Amino acid sequence: MRYLVTAALPYANGPLHIGHIAGCYLPSDIFVRYQRLMGRDVKYICGSDEHGVPITLRARKEGITPQQVVDTYHAMMRDSFKEFGISFDIYHRTSDKIHHETASDFFTTLYNKGVFKEEESEQYFDEEANLFLADRYITGTCPNCSNPNAYGDQCEKCGKTLSPRELINPHSQLSGKAPVLRKTKHWYLPLDTMQQEWLQEWLLSKEDTWKKNVFGQCKSWLDQGLQPRAVTRDLDWGVPVPLPGNEGKVLYVWFDAPIGYISATKALTAQWEDYWKKEDSKLIHFIGKDNIVFHCIIFPAMLKAHGNYVLPENVPANEFLNLEGDKISTSRNWAVWLHEYLLDFPNKQDVLRYALCATAPETKDNDFTWKDFQDRNNNELVAVFGNFVNRTLVLTAKYFENNVPARGKLDDAEKTCLDALTSAPKLVQESIERYRFREALSHVMDLARAGNKYLADTEPWKLYKTDPEKVATILNLALEITATLSYLCEPFLPFTSQKLQAMLNIQPKSWTDAFGNEALVAGHALGEASLLFDKIEDEEISKQIQKLEATKINNTPVEEISTGEKSLTPFKDVTTYDDFSKMDLRVATIVAAEKVEKADKLLKLTLDTGIDTRTVVSGIALHFNVDEIIGKQVTLLANLAPRKIRGIESNGMILMAEDGDGKLVFVQPARATKNGSTIA
RNA sequence: GGCGUGGUAGCUCAGUCGGUUAGAGCGCAGCACUCAUAAUGCUGAGGUCGGGAGUUCGAAUCUCCCCCACGCUACCA
């Protein structure tokens, strides 16, 4: 049996922050270190995801090539991971030749098997730049919130997922011109038929073994019915489509990226196929919750379509980590960056590892605060773990010249202590096997607590004068606990483990060897003791909090400027009076309003136009209460063709003004005017 | 609106198949101790288990309705 553990490929257009670490890299690292200690055959795979549109956008913005962008961030992330003790067997990258070949072959195999559906569609094309525009290259006015700077795939203001065709007044980010529609061919993965054939059945079989949040999300997707998904894009940055006559097309990044796990394994070992194709291999994907669909549905679909590959055994996705009560945001710089932490807190990798593991968002979103970080360091690592080790070593140095004393007769206190000693590894093991890393870590701390209690109960410092032999037994056991702690904490606190083992003058051991035997023999000479953890003072914490508050202050004016100036929609093309005069604009009064059933944003308005009373459905329910708009005079586009919305016929359209923040205001006459008055 | 996940002590969370008095860590209060980085140990206060109804001898746990948070999704001319 062998394990293949993957951690989500981080996207190479920005540095790593604590959310990435807590959600994915730390849990996977703990899991893998544990598997190694159990003597299991495990490979731990990760790498930079270096394709896709945002990287090309950043490159354009900074006036460099996409390769330069990814080189920078790839090196940065690789180094941060290493320094933080994330123990990948390989940290690869998707711009590597091996990956291009692997992804290319993968596509070709599926193509030759006739898996894909081929389809032509109309996409926006920039005639000046002479290329098809990726969704991100197109901006326009959001049909949802009227934000004039919405992207073709998503409006960042209201969060709505869009397609470029929905944008009002679209323009190319490259030339600034309005793009034209042109036909293009793409290949689709037929998830809909796969759902029927096997995917649904396979996923439903995971109900008992996968985390609830993960299974629930998959179930939700299945219930809505899967749709075919394009696996190619018109773009020049990525893995080229390996079919003749298809220049300017690449594999879509979601198709390309997970294959990166395979290429990385290839780059790591010639036996890569054992890990991917032998039935007794367990494939485990560690990811954040934003990646559930790709790893639970789409990638398995790809692997199955290819044939011979194992499907994931488990996908233990975490939820999100917040920071001081707010969502972590790269663009708003609201984050604790790993590379900055490593500079600000040198040699304190384990403190962050501890804090993030203890507060990891395993079952729901969780909050990281600097106060919590400080408390966990001072009250748990220093006071419980470090202090127990220190008092044990100090006592041993004082009474036994730094040699391990012999164990004598065992009383009840000793038996209780030995119970804790033998049960701790089992508890930690069980928790890790169930992907409960917070719980596992607390079992480690419980052993240190048991040690502190043992010392407090037996009081060797009092006994020494009257019964030095008893003290020898006590310290023998206490030292045995410190040795066990050094082995047991390795997956979580690898730096501390090493340091402690040096202090005890012992060698690293696999868990199978370490537990169940006495780690220290009488007479063993201990090494030099030092403190495992230092207190973190208030000053250091308030410095970090101030740093965050500064970004908050810096953020506000920038955003205001950007929405105030940059975001104003450019003027539209010239029109004629004839065109304008076709529109019948009238003053009307809202006489009734009600929420449309089963729609969050829709209000059904009844208008008095002076000539008739009519119904208009308007998407303004998020901006106004029903009560506050009744009696308001508004501008009505009266001769707009009727249209059914949610089963209600809408006759016309209410004109709204929109400020930079997406707030809507009625356009109305400066004074109350007769209903039906014309506007021209 | 639909779907998913969650709501348990001041904070972070556990709670198995429905079963006695709902637990842990941190924080707080008191006591003990002095080997230890004022660290440790013990004791205690603190809960209408989001709200309401139901099933049951018995509900944090099962059913229904509602509220709140996060995510997915629908409606938007």
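Quantities reported herein were computed from a predicted structural model and do not represent experimental measurements. Scope of the values below: all heavy atoms of this structure, side chains included, with no hydrogens, waters or symmetry mates. Labels below follow one simple rule: chain letters A, B, ... track the order of the sequence lines, proteins then strands, and each chain is numbered from 1.
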- Query: Can you tell me how far C1' in B:A59 sits from the matching atom in B:U63, rounded to whole Å?
  - Reply: 11 Å

- Query: Applying a 3.5 Å limit to both distances, which nucleotide forms a Watson-Crick or G-U wobble pair with B:A53?
  - Reply: B:U63

- Who passes ring pair (Phe, Tyr, Trp, His ring centres under 6.0 Å) against A:H285, sequence neighbours left out? A:Y261, A:H295, A:F299

- Task: Return the nucleotide paired to B:A77: Watson-Crick means purine N1 to pyrimidine N3 with N6-O4 or O6-N4, wobble means G-U with N1-O2 and O6-N3, both under 3.5 Å.
- Result: none

- Note on the structure: With B for base contact, S for sugar-phosphate-only contact and - for none (protein heavy atoms under 4.0 Å), nucleotides 32-37 of chain B reads -SSBBB

- Task: Report yes if at least one side-chain N or O of A:K289 is closer than 4.0 Å to OP1 or OP2 of B:C70; otherwise report no.
- Result: no

- Message: Please give the distance between the P atoms of B:C70 and B:A36 as a whole number of Å.
- Response: 50 Å

- Message: Restricting to non-hydrogen atoms, name the atom on A:C218 and the atom on A:I292 that form the minimum distance, rounded to 0.1 Å.
- Response: SG-CG2, 4.1 Å

- Message: What's the gap between B:C33 and B:G23 when it is taken at their C1' atoms, as a whole Å value?
- Response: 28 Å

- Item | A:F294 CZ - B:C72 C1' separation (whole Å) | 13 Å

- Message: Rounded to whole Å, how long is the line connecting atom CG of A:N291 with atom C1' of B:G71?
- Response: 14 Å

- Note on the structure: side-chain hydrogen bond (donor to acceptor under 3.5 Å, both in side chains) filter on A:S329, not counting sequence neighbours, yields A:S331

- Item | Atom pair distance, as rounded to whole Å: CZ in A:F437 and P in B:G25 | 23 Å

- Mind checking the C1' distance from B:G47 to B:A14? Whole angstroms is fine. 15 Å

- Counting distance only, does the side-chain N/O of A:E362 pair as donor-acceptor with the main-chain N or O of A:F437 below 3.5 Å? yes

- Contact state string [nucleotides 1-8 of chain B, B base, S sugar-phosphate only, - no protein heavy atom under 4.0 Å]: BBBSSS--

- Task: Can you label the angle between the A:Y435 ring and the A:F31 ring as parallel, tilted or perpendicular, going by 30° and 60°?
- Result: parallel

- Message: Between A:F345 and A:F373, is the ring centroid distance below 6.0 Å?
- Response: yes

- Message: Need the pair for B:A32. Rule: Watson-Crick or G-U wobble, both distances under 3.5 Å, any strand; none if unpaired.
- Response: B:U40

If you restrict it to nitrogen or oxygen atoms, what contacts under 3.5 Å exist between nucleotides 16-18 of chain B and the protein, and what is each distance?
none

- Item | Geometric class of the A:W370/A:F368 ring pair [parallel <30°, tilted 30-60°, perpendicular >60°] | perpendicular

- Message: Working to the nearest 0.5 angstrom, can you tell me the gap between A:N378 CG and A:D538 CG?
- Response: 8.5 Å

- Whole-Å gap separating P (B:U12) and CG (A:D375): 13 Å

- Does the side chain of A:R449 get closer than 4.0 angstrom to OP1 or OP2 of B:A39 through an N or O atom? no

- Message: Measuring only the C1' atom in each nucleotide, how far is B:C66 from B:G7? A whole number of Å is fine.
- Response: 14 Å

- Query: Quantified in whole Å, what is the C1' atom distance between nucleotide B:G27 and nucleotide B:U20?
  - Reply: 30 Å

- Task: State yes or no: are the ring centers of A:F492 and A:Y354 separated by less than 6.0 Å?
- Result: no

- Taking atom CD of A:E649 as the centre, does the number of heavy atoms from other residues, nucleotides or ligands within less than 6.0 Å exceed 12? yes

- Note on the structure: Taken to the nearest whole Å, CG/A:D446 to P/B:G41 is 11 Å

- Does A:N366 place a side-chain N or O at less than 4.0 Å from the phosphate oxygens OP1/OP2 of B:C13? yes

- Results of ring pair (Phe, Tyr, Trp, His ring centres under 6.0 Å) for A:F400 - residues two or more places apart only: none

- Query: Taking A:D367 for the side chain and A:E324 for the main chain, is one N or O donor matched with an acceptor at less than 3.5 Å?
  - Reply: yes

- Message: For A:G216, is there any backbone N or O sitting under 3.5 Å from a side-chain donor or acceptor partner on A:S220?
- Response: no

- Distance, C1' atom - from B:G46 to B:G6, rounded to whole angstrom: 24 Å

- In whole angstrom, give me the gap between the P atoms of B:A45 and B:G54. 33 Å

- With sugar-phosphate meaning primed atoms plus P, OP1 and OP2, does A:V617 contact a base, only sugar-phosphate, or nothing at under 4.0 Å between heavy atoms? sugar-phosphate

- Any-strand Watson-Crick or G-U partner of B:A24, both distances under 3.5 Å: B:U12

- Task: Could you check whether A:I645 gets within reach of a base, just the sugar-phosphate, or nothing at all, counting any heavy atom under 4.0 Å?
- Result: sugar-phosphate

- Quick one: look up who B:C3 pairs with, Watson-Crick or G-U, both distances under 3.5 Å, and put none if it's unpaired. B:G71

- Task: Could you tell me the separation between the CE atom of A:M445 and the P atom of B:G41, rounded to a whole number of Å?
- Result: 10 Å

- Query: Among side-chain atoms of A:N314 and A:K211, is any donor-acceptor pair under 3.5 angstrom?
  - Reply: no

- Message: Can you measure A:Y454 atom OH to B:C42 atom P for me and round it to whole angstrom units?
- Response: 16 Å

- Can you check the A:K371 NZ to B:G10 C1' distance for me, whole Å? 12 Å

